[in-house]
Amino acid sequence: MHLRTRRETQRLGKAIGAKLRAGDLVVLSGDLGAGKTFLTRAIARELGVAESVRVTSPTFTLVQEYDTPRGTLLHADLHRLLGKNLRAEVERLGLRERRAEGCILIVEWGEGAMEGLGGEPELVVKMAVAKIGREAALSGSRAREIAIR
């Protein structure tokens, strides 16, 4: 789908956030600057993370945690772990266990870490920069549930 404006990306994030349930895994992929963190911010707002709470890229912290009315949201960025022993590093973060406890996981650069994240994601969003705006392709068992209004 073509996302011409930031507002359309926010609408996609709201649509995704409206469908997420405890224990869901969303994997975001795409080059640097493709809008993964911006989309995550929109998802977090839909889940109830207050506007006063900064939702930023966890590139250096690896994982950021947010309390929402629907449970804990974990936003992870595995980019710095690529090329290392990804499986062991992801296991060390305990994301599979937190997902099993009911946390919602949004993971950037998580394509090669499914086992450490507790299995297949409910949703994969592949993002790319377009001439105008962004392109987003959704897949996974819950992709058909997502509709932008």
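Please read all numbers here as calculations on a predicted model, not as lab measurements.
- Remark: Glu65 engages Arg98 in a salt bridge, criterion side-chain N to carboxylate O under 4.0 Å.
- Residues satisfying the ring-ring contact (aromatic ring centres under 6.0 Å, His included) test with His2, not counting sequence neighbours, are none.
- Partners of Lys14 according to the salt bridge (Lys or Arg N to Asp or Glu O under 4.0 Å) rule, which considers only residues two or more places apart in sequence or in another chain, are Glu46.
- The side chain to side chain donor-acceptor pair (under 3.5 Å) check on Thr56 picks up Gln64, with sequence neighbours excluded.
- Among residue pairs with one or both ends in residues 10-33, none qualify as ring-ring contact (aromatic ring centres under 6.0 Å, His included); sequence neighbours excluded.
- Not a single salt bridge (Lys or Arg N to Asp or Glu O under 4.0 Å) links Arg70 to another residue, sequence neighbours left out.
- Between Ala15 and Ala147, the closest heavy-atom pair is CB-O, 3.4 Å.
- Listed by chain and residue number, nothing satisfies the side chain to side chain donor-acceptor pair (under 3.5 Å) test with Thr68 (two or more places apart in sequence, or in another chain).
- Counting only heavy atoms from C-beta outward, the side chains of Glu115 and Val90 never approach each other to under 4.5 Å.
- Two residues are said to be in side-chain contact when any heavy atoms from C-beta on lie closer than 4.5 Å; Met1 and Leu12 meet this criterion.
- Closest approach of Arg21 and Ile104 over heavy atoms only: O-CG1, 3.4 Å.
- Glu91 is linked by a salt bridge (Lys or Arg N to Asp or Glu O under 4.0 Å) to Arg87, Arg96, counting only residues two or more places apart in sequence or in another chain.
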Side chain to side chain contact (heavy atoms under 4.5 Å, CB included) evaluation trace for Leu20 with Glu122: CA-CA 9 Å; Leu20 292 179; Glu122 283 69 30; over 6 Å; no
Name every donor-acceptor pair, under 3.5 Å, that has one atom in a side chain of residues 32-44 and the other anywhere in the protein, sequence neighbours excluded.
{"unit_1": "Lys36", "atom_1": "NZ", "unit_2": "Gly30", "atom_2": "O", "d": "2.9"}
{"unit_1": "Lys36", "atom_1": "NZ", "unit_2": "Asp31", "atom_2": "O", "d": "2.9"}
{"unit_1": "Thr37", "atom_1": "OG1", "unit_2": "Glu108", "atom_2": "OE2", "d": "2.8"}
{"unit_1": "Thr40", "atom_1": "OG1", "unit_2": "Lys36", "atom_2": "O", "d": "2.9"}
{"unit_1": "Arg41", "atom_1": "NE", "unit_2": "Val55", "atom_2": "O", "d": "2.9"}
{"unit_1": "Arg41", "atom_1": "NH2", "unit_2": "Val55", "atom_2": "O", "d": "2.9"}

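- Pairs engaging residues 123-145 under the ring-ring contact (aromatic ring centres under 6.0 Å, His included) rule: none recorded [sequence neighbours left out].
- Every residue was checked against the salt bridge (Lys or Arg N to Asp or Glu O under 4.0 Å) condition with Glu120, not counting sequence neighbours, and none meets it.
- Within the structure, every pair that satisfies the salt bridge (Lys or Arg N to Asp or Glu O under 4.0 Å) test and touches residues 126-143, not counting sequence neighbours, is listed here: Asp24-Arg142, Arg142-Glu145.
- The only member of Leu105, Val107, Leu93 that meets side chain to side chain contact (heavy atoms under 4.5 Å, CB included) when paired with Leu74 is Leu105.
- Residue pairs meeting the ring-ring contact (aromatic ring centres under 6.0 Å, His included) criterion with at least one partner in residues 45-104, sequence neighbours excluded, are His79-Trp109.
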